[in-house]
Number of protein chains: 2
Amino acid sequence: MRIGDLAERSGVSTRSLRYYEEQGLVPAFRTAGGHREYDESDVGRVRFVQLLFSAGLPSRAIVQILPFLDTGIATAAMRQRLDDEHDRIQRQIDELTLARDRLAELRTIAADSAGGRSAQECRLAAEAAVTCSRRSADRRTSETPVSAS
Amino acid sequence: MRIGDLAERSGVSTRSLRYYEEQGLVPAFRTAGGHREYDESDVGRVRFVQLLFSAGLPSRAIVQILPFLDTGIATAAMRQRLDDEHDRIQRQIDELTLARDRLAELRTIAADSAGGRSAQECRLAAEAAVTCSRRSADRRTSETPVSAS
DNA sequence: GTTGAAATTGACATCAATGTGAAGTTCTAG
DNA sequence: CTAGAACTTCACATTGATGTCAATTTCAAC
């Protein structure tokens with residue numbers, strides 16, 4: 001399988017696949033002419049790499065984890081990395097959940113705004129929902145101000 | 001309150017606060033000499049902005065949502081944005097949850113590796129856990145290859 | 001007033017993955 | 001054998017929030 005096929009099968013660009021190889025994430029065989037040659041199993045590997053990327057792991061971390069898939073041997077550093085990233089992701093999930101709930105509250109209030117409630121009521125409700133500012137941005141300069149020369 | 005105080009109170013750098021103003025997220029009054037002047041309410045506002053940033057909203061999106069806090073008036077575009085970001089965050093949570101679970105499985109298997117099970121067993125288990133490649137990176141060039149000149 | 005701390009703007013750097021385009025090479029179908 | 005599609009490497013651009021350095025100005029306290 002060549003790079004174009006793998007790109008299509010796994011849903012990433014050829015550019016990304018070259019980058020993955022450069023980073024040592026998805027190594028490739030080479031034809032006599034220098035073209036990359038992949039096999040069926042790489043489709044899953046690329047998808048896994050993608051999953052980790054989208055979870056915010058930097059390539060450095062993925063590089064550290066991936067050899068386990070190939071060798072089945074886990075070093076202490078590798079286990080540590082697994083733990084660290086797991087925890088980091090969990091923290092991120094918690095944060096996202098909080099943000100999601102805040103937005104959901106605002107959405108509800110905004111719907112009220114479209115319905116009966118007054119702007120003033122909504123503003124107060126929104127403030128409460130967000131535990132946030134009173135009277136910010138009343139008549140302030142929201143643009144970059146004149147230079148103080 | 002001046003920028004240094006607000007930075008300390010809200011836990012963001014002064015650099016970021018200047019950026020927030022530049023983006024129209026947290027406008028500030030100015031003293032005669034041009035220094036930024038904040039009030040108590042801005043602490044919560046900055047924290048909320050930070051929450052949205054950490055949830056992956058670009059400033060453009062935050063700019064669109066924030067006026068609701070100040071006016072209590074929600075435009076259609078604003079409600080749409082709230083919905084979109086809510087859904088995007090939900091999708092991200094799902095993705096992160098998947099990644100977290102995969103890492104947790106790998107961690108379990110890696111622990112087995114430290115304990116009794118053989119590398120071969122672990123390799124197979126890891127592959128299965130990840131739904132990923134068999135025999136990738138056997139004897140491939142994982143470095144950037146020689147130029148094909 | 002004077003001084004030192006803290007503010008100001010501006011420019012450039014960073015990270016990380018990916019886009020993009022050029023210039024050249026290899027593969028494959030006819 | 002040849003045309004053209006697909007590949008190769010290299011290099012620079014992008015995005016967005018933030019770090020950092022530098023030269024200058026303002027504020028607060030004495």
Side-chain angles (χ1 to χ4, degrees), chain A residues 1-38 46-64 85 88 92 95 99 141 143-149, chain B residues 1-38 46-64 85 88 92 95 99 141 143-149:
Chain A
M1 194 191 314
R2 282 205 304 284
I3 197 171
D5 306 297
L6 180 58
E8 195 174 2
R9 299 275 301 280
S10 59
V12 304
S13 66
T14 59
R15 174 69 179 86
S16 296
L17 291 177
R18 294 196 188 97
Y19 177 73
Y20 293 173
E21 183 186 73
E22 185 181 300
Q23 299 296 309
L25 302 174
V26 184
F29 292 107
R30 292 300 182 131
T31 67
H35 286 196
R36 290 170 180 81
E37 187 77 26
Y38 297 95
V46 168
R47 292 221 182 95
F48 182 57
V49 167
Q50 270 282 91
L51 180 70
L52 296 186
F53 268 130
S54 65
L57 278 77
S59 23
R60 173 178 341 111
I62 303 180
V63 156
Q64 204 174 13
E85 295 298 339
R88 189 190 54 74
Q92 202 178 338
E95 207 168 49
T141 61
E143 296 309 310
T144 307
V146 293
S147 66
S149 63
Chain B
M1 195 190 316
R2 282 204 306 285
I3 196 171
D5 306 297
L6 180 57
E8 195 173 1
R9 300 274 302 279
S10 59
V12 303
S13 66
T14 58
R15 174 71 179 84
S16 296
L17 291 177
R18 295 197 186 95
Y19 177 74
Y20 294 173
E21 184 187 73
E22 186 182 299
Q23 298 297 309
L25 302 174
V26 184
F29 293 106
R30 293 299 182 131
T31 66
H35 284 197
R36 291 169 182 80
E37 187 78 24
Y38 298 95
V46 168
R47 291 222 182 96
F48 182 57
V49 167
Q50 268 283 91
L51 180 69
L52 296 186
F53 267 131
S54 65
L57 278 77
S59 25
R60 169 178 344 111
I62 303 180
V63 156
Q64 204 173 15
E85 295 298 339
R88 188 190 55 73
Q92 201 177 340
E95 206 167 50
T141 61
E143 295 309 310
T144 308
V146 293
S147 67
S149 64

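So you know, we letter chains A, B, ... as the sequences are listed, proteins then strands, and number each from 1.
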Q) Closest to the Arg30(B) side chain: dT18(C), dA16(C), dT9(C)? A) dT9(C)
Q: Round to a whole Å and report the spacing from CD1 of Ile3(A) to P of dT8(D).
A: 5 Å
**Q.** Stem list, DNA chain C (Watson-Crick or G-U pairing under 3.5 Å, at least 3 consecutive pairs)
**A.** C:1-30 with D:1-30
(Q) So, does Arg18(A) get its side chain near the phosphate of dC10(D), meaning an N or O under 4.0 Å from OP1 or OP2? (A) no
Q: Check the distance between dA17(C)'s C1' and Gln23(A)'s CD and give it to me in whole angstrom.
A: 9 Å
(Q) For a quick test of reading the model, state the closest non-hydrogen atom pair linking Ser59(A) to Tyr19(A) and the distance between them. (A) OG-OH, 3.6 Å
Q.
I want to check one thing: is the phosphate of dT18(C), taken as OP1 and OP2, less than 4.0 Å away from some side-chain N or O of Tyr19(A)?
A. no
Q. Which listed nucleotide (dT18(D), dT8(C), dA16(C)) is nearest to the side chain of Ser16(B)?
A. dT18(D)
Q. Measuring from Thr14(B):OG1 to Arg2(B):CZ, what's the distance to the nearest 0.5 Å?
A. 13.0 Å
Q: Give the rounded distance in Å between these two atoms: NE2 of His35(B) and P of dA28(D).
A: 9 Å
Q | Test item: Leu25(A) and Phe53(A) side chains (from C-beta on) under 4.5 Å apart, heavy atoms | A | yes
Q. Looking at Ala55(A) and Ala99(B), what are the two nearest heavy atoms and their distance?
A. CB-CB, 3.5 Å
Q: Starting at atom CZ of Arg60(B), determine the distance to atom C1' of dT15(D), rounded to an integer number of angstrom.
A: 9 Å
Q) Would you say a side-chain N or O of Arg36(A) is under 4.0 Å from OP1 or OP2 of dT9(D)? A) yes
Q | Rounded interatomic separation in angstrom, taking CG from Leu52(A) and C1' from dA17(C) | A | 14 Å
Q.
Taking any heavy-atom pair under 4.0 Å as a contact, classify Thr14(A): base, sugar-phosphate, or nothing.
A. nothing
Q) With a non-hydrogen cut-off below 4.0 angstrom, is Ser59(B) in contact with a base, only sugar-phosphate, or nothing? A) sugar-phosphate
Q) CD of Glu37(B) versus P of dT26(D): gap in Å, rounded? A) 16 Å
Q: Could you tell me whether Arg2(B) contacts a base, only the sugar-phosphate backbone, or nothing, with contacts defined as non-hydrogen atoms closer than 4.0 Å?
A: sugar-phosphate
Q) Between dA16(C), dT9(D), dG19(D), which nucleotide has the shortest distance from any of its atoms to the side chain of Ser13(B)? A) dG19(D)
**Q.** Selected nucleotide, minimal atom distance to Thr31(B) side chain, candidates dC27(D), dT8(C), dT18(D)
**A.** dC27(D)
Q: Starting from C1' on dA17(C), measure out to CD on Glu21(A) and report it in whole angstrom.
A: 17 Å
Q) Starting at CZ of Phe53(A) and ending at C1' of dC15(C), how long is that distance when rounded to a whole Å? A) 13 Å
Q.
side chain to side chain contact (heavy atoms under 4.5 Å, CB included), that's the test. Do Leu17(B) and Tyr38(B) meet it? Break it down for me.
A. CA-CA 11 Å; Leu17(B) 291 177; Tyr38(B) 298 95; 4.2 Å; yes
(Q) Less than 4.0 angstrom from a charged side-chain N to a carboxylate O is my criterion; do Arg88(B) and Glu85(B) meet it? (A) yes
Q) To the side chain of Arg15(A), which of dG19(D), dA11(D), dT8(D) is closest? A) dA11(D)
Q: Output yes when at least one side-chain N/O atom of Tyr20(A) is less than 4.0 Å from OP1 or OP2 of dT18(C), else no.
A: yes
Q. Does the side chain to side chain contact (heavy atoms under 4.5 Å, CB included) test come out yes or no for Arg30(B) and Arg36(B), once each step is laid out?
A. CA-CA 5 Å; Arg30(B) 293 299 182 131; Arg36(B) 291 169 182 80; 3.2 Å; yes
Q: List the atom of Leu57(A), the atom of Ala61(A), and the distance in Å for their closest heavy-atom pair.
A: CD2-CB, 4.1 Å
Q. Any idea which of dT9(D), dT18(C), dT18(D) is nearest the Gln50(B) side chain?
A. dT18(D)
